[in-house]
2 protein chains.
Amino acid sequence: MTARVFVSLKSTVLDPQGETIRAALQGLGYPAIADVRQGKFFDIAIGAGVSAEQARRDIETIAHEVLANPVIEEYRVEFLD
Amino acid sequence: MTARVFVSLKSTVLDPQGETIRAALQGLGYPAIADVRQGKFFDIAIGAGVSAEQARRDIETIAHEVLANPVIEEYRVEFLD
């Protein structure tokens with residue numbers, strides 16, 4: 001079983017890295033790029049000995065407590081198989 | 001128009017950051033987590049004055065030349081609307 005956890009800054013939080021990329025793209029000749037926001041994702045492979053229900057619970061907890069900082073970030077969990 | 005570009009290390013390339021997260025999760029009591037690979041994504045908003053075709057071409061070029069390092073990374077482009 002594989003899960004993918006997407007973590008991104010909340011839309012109200014400034015993203016200086018994305019803003020830097022946007023400014024660089026302007027300089028490189030892409031004036032049409034209006035906004036860039038960067039996020040990260042984690043592909044997590046779960047061993048075979050775990051029930052789907054347990055895996056879902058574990059991944060939800062891991063996303064909330066380890067991978068994302070709920071103060072400034074939001075996350076989304078997807079199960080790939 | 002919004003595009004999302006996913007960038008991840010090629011599967012043959014070692015991912016020390018993902019490996020560190022996997023080891024930390026083992027220590028936190030998640031022995032079932034077999035593997036973690038980290039990647040990043042970019043949400044790119046494209047201004048209204050650009051044709052869909054031009055936007056697709058631009059984003060493909062930006063992904064290949066700016067956002068990803070083709071030597072060790074692979075990328076995938078998705079258009080959200």
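Quick note on labels: first sequence line is chain A, next is B, and so on, each numbered from 1. The structure displayed is predicted, hence computed values, not measured ones.
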First locate atom [atom1] of [X], then atom [atom2] of [Y], and finally report the distance between them rounded to the nearest 0.5 Å.
| X | Y | atom1 | atom2 | answer |
| --- | --- | --- | --- | --- |
| A/Glu65 | B/Leu25 | CD | CG | 11.5 Å |
| A/Ile44 | B/Gln38 | CD1 | CD | 10.0 Å |
| A/Leu9 | B/Asp43 | CG | CG | 11.0 Å |

Single-linkage hydrophobic cluster, 4.5 Å side-chain cutoff, [X] and [Y] together:
| X | Y | value |
| --- | --- | --- |
| B/Phe79 | B/Phe6 | no |
| B/Val71 | B/Val13 | yes |
| A/Leu28 | B/Val7 | yes |
| A/Met1 | A/Val50 | yes |

> Step by step, would you call B/Ile33 with A/Ile59 a side chain to side chain contact (heavy atoms under 4.5 Å, CB included)?
Replying inline: CA-CA 9 Å; B/Ile33 303 302; A/Ile59 293 295; 4.2 Å; yes
>> Check this for me: B/Glu73, atom CD, are more than 12 non-hydrogen atoms of other residues, nucleotides or ligands nearer than 6.0 Å?
In response: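 Yes, the 6.0 Å shell around CD holds more than 12 heavy atoms from other groups.
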> Would one find more than 12 heavy atoms of other residues, nucleotides or ligands at under 6.0 Å from atom CD of B/Gln17?
Replying inline: no
> Among B/Ala32, B/Gly47, B/Gly39, who wins on heavy-atom pairs under 4.5 Å with chain A?
Replying inline: B/Gly39
> Which answer fits A/Tyr30, side chain, backbone, both or neither, if we ask what part of it has an atom under 4.5 Å from a heavy atom of chain B?
Replying inline: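 Side chain of A/Tyr30 only, per the 4.5 Å heavy-atom cut-off to chain B.
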Under 4.5 Å from any heavy atom of chain A - which part of [X]:
| X | value |
| --- | --- |
| B/Val36 | both |
| B/Ile46 | both |
| B/Val5 | neither |
| B/Arg22 | neither |

> Does the side chain to side chain contact (heavy atoms under 4.5 Å, CB included) test come out yes or no for B/Ile21 and A/Leu67, once each step is laid out?
Replying inline: CA-CA 9 Å; B/Ile21 296 168; A/Leu67 301 178; 3.9 Å; yes
> How far apart are the closest heavy atoms of A/Phe41 and B/Lys40, and which atoms are they?
Replying inline: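 Shortest heavy-atom contact: CE2-O, 3.3 Å.
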